[in-house]
Amino acid sequence: EQLLTFDLMLTGDRAAYQAQQLEFYDGVVERIRALPGVRAAAGAFTLPIGGDDFGASAFPEGRPFPPPNEARRIGFQIVWDRWFETLGMHILEGRDFGPGDVLASAGVVIINRTLAELEWPGTSPVGRRLKYAREEDAPWLTVVGVVSDVRHMGPGEPPRPEIYLPYRQMTQAMMAVAVRTTGDPLAMVPAVRAAVAEVDPSQPISGVGTMSGHLQKAYGRARFLARLTLLFGLVTALLTVVGVYGVTSFAVAERTREFGVRAALGASPVRLGREVLGTSLVPV
C-alpha cells in the first residue's frame, strides 16, 4: 500500500559504468527522500513478485564447487540502501547496506532467510562468505545481513533463495524505483518527475504505477484460472441440477397411474410424497 513505482533507464553518458550512474542515482534518491509526503524511497534491479528473473549460483566458502548441473540456483538482485525498509521487508539479522559499501571496499551481500536456512542451518550466516560465480577471479562476498523472504516469482511459487548486492558496488543502467508515501502515491508523480529532472532533465522516468497495480498484474493469471474454474464448476452444477430434475420428473411421470391407483386404495398424499422424495435423493 502507498507505494509508487517507476523505472529508470539511463541513456547516453549517464549509462557509462560506474561513476556517472552513481552520481545520477545518488542525486535522485536524495531529492526524492527529501520531498514532503515521502516516507522512504529506494531502487532495485527489478520489482519483486512477478518481476523479471535474474539468477546466479551460490558457492559458500570452504566447500568444494559442485558440478555445474548441481549448483544451487538463486535469485540475484541489486538494491539501493533502505530498499527493504521501503518495501516493508525486515532485516532479521545483521545490517542493511550503507554509504560505506562502495566499489573500493570489501564486497558484501545480504541473503534471504531461505538461503540462510539452506546453506547455514542452525547457525548465523553473518560474517560468512560466498561467491555467485565459479570463476577463480570471482570476488568473495561477506554476508552482512539476512532479510525476510518474498515470493519473487509470483504468489503461487514458494520463496526461492536470493542474494542482494549493493548498487554502489554493482550499478546498472536500469533500475526500478519504489517510493513509499504518506498519501496517494500517484499524487507524488509530478514532484518525483521534477526531482529526477533536477539531476538530469534528459533522463525520463517510465512505467509509472503503484505496487498495488504491479501485484494485480502478478495475480492476473491465477485470478483468471480461478474464475475459469469457477465458471466450469457453475456450468457443471447447472447441468447436474437440470439432469437430476429431468430424470426425477420423468420417473414420477411414469408412475402417475400407479400413484392414482394407490391413492384410490387409500394411500395418503404425504406417504406418496415421501416415497418420491426418497427415491429422488439417490440421484441427487
Side-chain angles (χ1 to χ4, degrees), residues 3 5 7 42-97 107-135 138-167 169-170 172 174-178 211-212 214-223 225-226:
L3 269 176
T5 61
D7 297 325
F45 199 15
T46 61
L47 290 176
I49 309 179
D52 296 324
D53 180 27
F54 294 94
S57 298
F59 303 105
E61 187 177 26
R63 304 177 197 172
F65 283 180
N69 60 340
E70 296 180 12
R72 188 186 305 282
R73 295 295 295 171
I74 59 174
F76 180 91
Q77 272 276 43
I78 300 170
V79 301
W80 300 359
D81 51 282
R82 296 181 64 186
W83 173 252
F84 309 117
E85 172 193 344
T86 302
L87 263 67
M89 300 166 65
H90 304 288
I91 299 288
L92 306 177
E93 189 177 352
R95 65 170 178 88
D96 195 357
F97 297 129
V108 294
V109 64
I110 291 176
I111 66 176
N112 69 342
R113 186 211 304 263
T114 295
L115 182 58
E117 292 176 349
L118 287 172
E119 296 293 357
W120 295 281
T123 185
S124 172
V126 175
R128 307 294 186 101
R129 299 203 307 172
L130 60 78
K131 285 185 177 185
Y132 61 85
R134 64 173 59 244
E135 286 76 15
W140 287 104
L141 306 176
T142 301
V143 178
V144 296
V146 179
V147 71
S148 56
D149 290 331
V150 295
R151 295 175 181 266
H152 184 84
M153 301 309 297
E157 298 294 329
R160 64 177 182 175
E162 290 184 312
I163 63 171
Y164 298 85
L165 305 179
Y167 81 105
Q169 292 187 345
M170 182 179 284
Q172 291 290 330
M174 174 184 67
M175 296 293 276
V177 182
M211 182 59 75
S212 297
H214 176 73
L215 291 180
Q216 291 294 328
K217 294 178 183 178
Y219 297 156
R221 175 179 171 80
R223 284 185 171 145
L225 292 176

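Fair warning: this is a prediction, and the values are worked out from it, not measured in the lab. Throughout, numbering of the chain's residues begins at 1 and tracks the sequence. Computation of the quantities below employed the complete heavy-atom set of this structure, encompassing side-chain atoms and omitting hydrogens, waters and symmetry-equivalent molecules.
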Across all chains, not counting sequence neighbours, the side chain to side chain contact (heavy atoms under 4.5 Å, CB included) partners of Glu85 are Ala40, Arg82
Could you list the residues that satisfy side chain to side chain donor-acceptor pair (under 3.5 Å) with Arg134, not counting sequence neighbours? none
Spacing of CD belonging to Gln216 relative to CZ belonging to Arg223, to within rounding of 0.5 Å: 4.0 Å
Rounded to the nearest 0.5 Å, what separates atom CD1 in Ile110 from atom CH2 in Trp83? 13.0 Å
Is Glu162 reaching over with its side chain to a backbone N or O of Leu115, donor-acceptor style, under 3.5 angstrom? no
Expected output: side-chain Asp81 to main-chain Asp96 donor-acceptor under 3.5 Å: no
Nearest heavy-atom approach of Trp140 to Phe59 is CZ3-O, 3.5 Å
Atom pair OG (Ser57) and CG (Leu130), whose distance is rounded to the nearest 0.5 Å: 11.0 Å
So which atom in Ala138 and which in Lys131 form the shortest heavy-atom distance, rounded to 0.1 Å? O-CE, 3.0 Å
Which heavy atom in Leu165 sits nearest to a heavy atom in Tyr132, and how many Å separate them? CD1-CE2, 3.9 Å
Applying side-chain contact (heavy atoms from CB on, under 4.5 Å) to Trp80 and Val177, what does each step give before you reach the verdict? CA-CA 9 Å; Trp80 300 359; Val177 182; 4.1 Å; yes
List in chain and number order the residues that pass side chain to side chain donor-acceptor pair (under 3.5 Å) with Thr114, two or more places apart in sequence or in another chain; answer none if no residue qualifies. Asp149
Hey, is the main chain of Pro60 close enough, under 3.5 Å, to the side chain of Arg129 for a donor-acceptor pair? no
What's the shortest heavy-atom distance between Ala44 and Gln77, and which atoms? CB-OE1, 4.1 Å
Residues that Gln172 engages under side chain to side chain donor-acceptor pair (under 3.5 Å), provided they are two or more places apart: none
Please report, to 0.1 Å, the donor-acceptor pairs under 3.5 Å made by any side chain of residues 87-95, with sequence neighbours excluded.
unit_1 : atom_1 : unit_2 : atom_2 : d
Glu93  : OE2    : Ser124 : OG     : 2.2
Arg95  : NH1    : Asp101 : OD2    : 3.0
Arg95  : NH2    : Asp101 : OD1    : 3.1

Nearest-0.5 Å distance that lies between atom CD1 in Ile111 and atom CG in Leu141: 11.5 Å
Hey, mind stepping through Phe97 and Gln169 against side-chain contact (heavy atoms from CB on, under 4.5 Å) and telling me if it holds? CA-CA 11 Å; Phe97 297 129; Gln169 292 187 345; over 6 Å; no
Please identify each residue that fulfils side chain to side chain donor-acceptor pair (under 3.5 Å) with Glu157, with sequence neighbours left out. none
Can Glu119 and Arg128 be counted as an ion pair, charged N to O under 4.0 angstrom? no
List the atom of Pro48, the atom of Met211, and the distance in Å for their closest heavy-atom pair. CD-CE, 4.3 Å
